[in-house]
Amino acid sequence: MELNADFRSDTLTRPTPAMLDAMHAARTGDDVFAEDPTTEAFQQRCADLFGHEAALFCPSGTMTNQIAINVHVRPGDEVICDRMAHIYNYEGGGIARNSGASVRLLHGDHGRFSWEDAAAEINPADSHYARTSLVCIEDTCNRGGGAVWDVKEIQTIREGCDAAGLPLHLDGARCWNAMVARAGNTLPAAADWKAYGQLFDSISVCFSKGLGAPVGSVLIGSKAFIAEAHRSRKVFGGGMRQIGVLTAACNHALDHELPRLQEDHIRAKQIGDVLAGLSQVTSVDPVETNIVIFEIASGLTAAEFVEAATRDGIHCFAFGPQRVRLVVHRDLNQGQIDATCSALTQSVLNR
Ligand SMILES: *Cc1c(COP(=O)(O)O)cnc(C)c1O
């Protein structure tokens with residue numbers, strides 16, 4: 001059989017029959033009136049999981065991040081994040097466009113930085129400068145090759161933010177992967193989720209990636225924060241009605257997809273090991289979760305590599321002139337992973 005394995009993104013995952021059943025069975029109401037019982041219960045479940053008071057369902061991770069920024073900053077303020085951050089690179093300049101704020105970029109290690117790095121970029125409290133008003137981290141960092149943060153490092157950043165009076169936002173689109181990886185590719189204990197959640201003032205999580213829901217992200221924080229977020233969501237056009245059909249899918253994902261996420265990490269490692277042995281690949285970023293980013297030797301461009309891989313039935317993205325990204329997800333089975341590994345070894349890319 002011809003190989004057709006799509007590694008372009010974990011957003012390609014489609015709802016399973018069991019997930020569609022859960023959506024079909026959902027009780028619904030008008031969520032703008034806070035009358036959708038499935039959504040009310042799901043939001044509370046998300047808040048409880050991370051040890052926070054409240055949560056708000058949104059259509060996308062971009063919206064949860066942009067709402068968080070909108071609540072935390074005022075026009076003219078400045079946000080500190082890594083140069084690899086999704087909020088900076090892939091949200092259409094939304095920090096400036098939606099909230100009138102500027103960005104100070106850090107040069108961390110695969111998207112991870114230290115408190116010293118961040119502290120050095122906080123502006124003086126002098127009217128010449130933009131007011132620094134938010135620090136944002138991304139765990140796992142997508143552009144950083146799915147890099148997982150050390151919780152002790154985040155703890156230090158939390159303490160620094162407290163001392164500096166700055167809120168800390170987590171872009172946790174793939175924090176599921178980070179939590180599972182840190183627990184040694186098992187499901188973390190309830191106390192671990194809560195301890196992690198406590199490190200942040202606001203948390204954005206996605207259900208439409210490795211967890212396989214068709215739509216959905218959730219913003220988590222205090223009651224006061226979520227009340228403000230509610231206003232921003234309405235203004236951004238994100239107020240929705242009978243969304244129990246969507247939140248039922250996300251709720252199902254927590255029960256049935258989260259426990260299998262470690263499979264993706266093991267398979268990504270398998271592919272990373274094969275790539276590291278290819279003559280045309282000069283280096284592979286450490287494979288910590290479900291993302292594999294690697295560097296193509298000069299003489300071949302990332303675009304040419306992607307083209308050749310596509311002819312072999314392996315679909316992936318050029319992530320820079322010499323960089324390629326593969327993302328492993330639930331809709332690729334072990335047979336496809338094994339076939340991908342042999343195809344890569346036998347391909348023209350290994351001459
Ligand atoms: C995918 C992603 C988001 C949100 O993306 P949407 O497509 O808007 O849901 C946010 N942050 C990171 C790190 C992501 O990978």
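For ligands, and for the atoms within them, numbers begin at 1 and follow the listed sequence. Residues take their numbers from the sequence shown, with the count starting at 1.
Checked by distance only, ligand 1 and S217 stay at 3.5 Å or farther apart across all their nitrogen or oxygen atoms. Geometrically, ligand 1 and G61 share a nitrogen or oxygen pair separated by less than 3.5 Å. An N or O contact shorter than 3.5 Å links T62 to ligand 1 by distance.
Heavy-atom distances between M63 and ligand 1 stay at or above 4.0 Å for every pair.
Under a cutoff of 6.0 Å and an axis angle of 45°, R83 and Y88 do not form a cation-pi pair.
Under the 30°/60° scheme for interplanar angles, the aromatic rings of F207 and F42 are found to stand perpendicular.
Of all the heavy atoms of N65, the ones lying under 4.0 Å from any atom of ligand 1 belong exclusively to the side chain.
For the residues Q66, K209, E138, the heavy atom positioned nearest atom 14 (C) of ligand 1 is part of K209. Nearest residue to atom 11 (N) of ligand 1 from I291, N142, D171, T64 is D171 (criterion: closest heavy atom).
Here Y196 pairs with F200 under the ring-ring contact (aromatic ring centres under 6.0 Å, His included) rule; sequence neighbours left out. Every residue meeting the side-chain hydrogen bond (donor to acceptor under 3.5 Å, both in side chains) condition with E78, not counting sequence neighbours, appears here in chain and number order: S102, R104, N123.
N177 contributes atom CG, which lies 10.5 Å from atom CZ of R182 (distance to the nearest 0.5 angstrom).
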Check the pair N290, D10 against side chain to side chain contact (heavy atoms under 4.5 Å, CB included), reporting the backbone distance first and the verdict last.
CA-CA 9 Å; N290 67 327; D10 46 9; 3.0 Å; yes
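For ligand 1, the atoms sitting less than 4.0 Å from at least one non-hydrogen atom of S60 are 8 (O), 9 (O), numbered in the order shown with element in parentheses.
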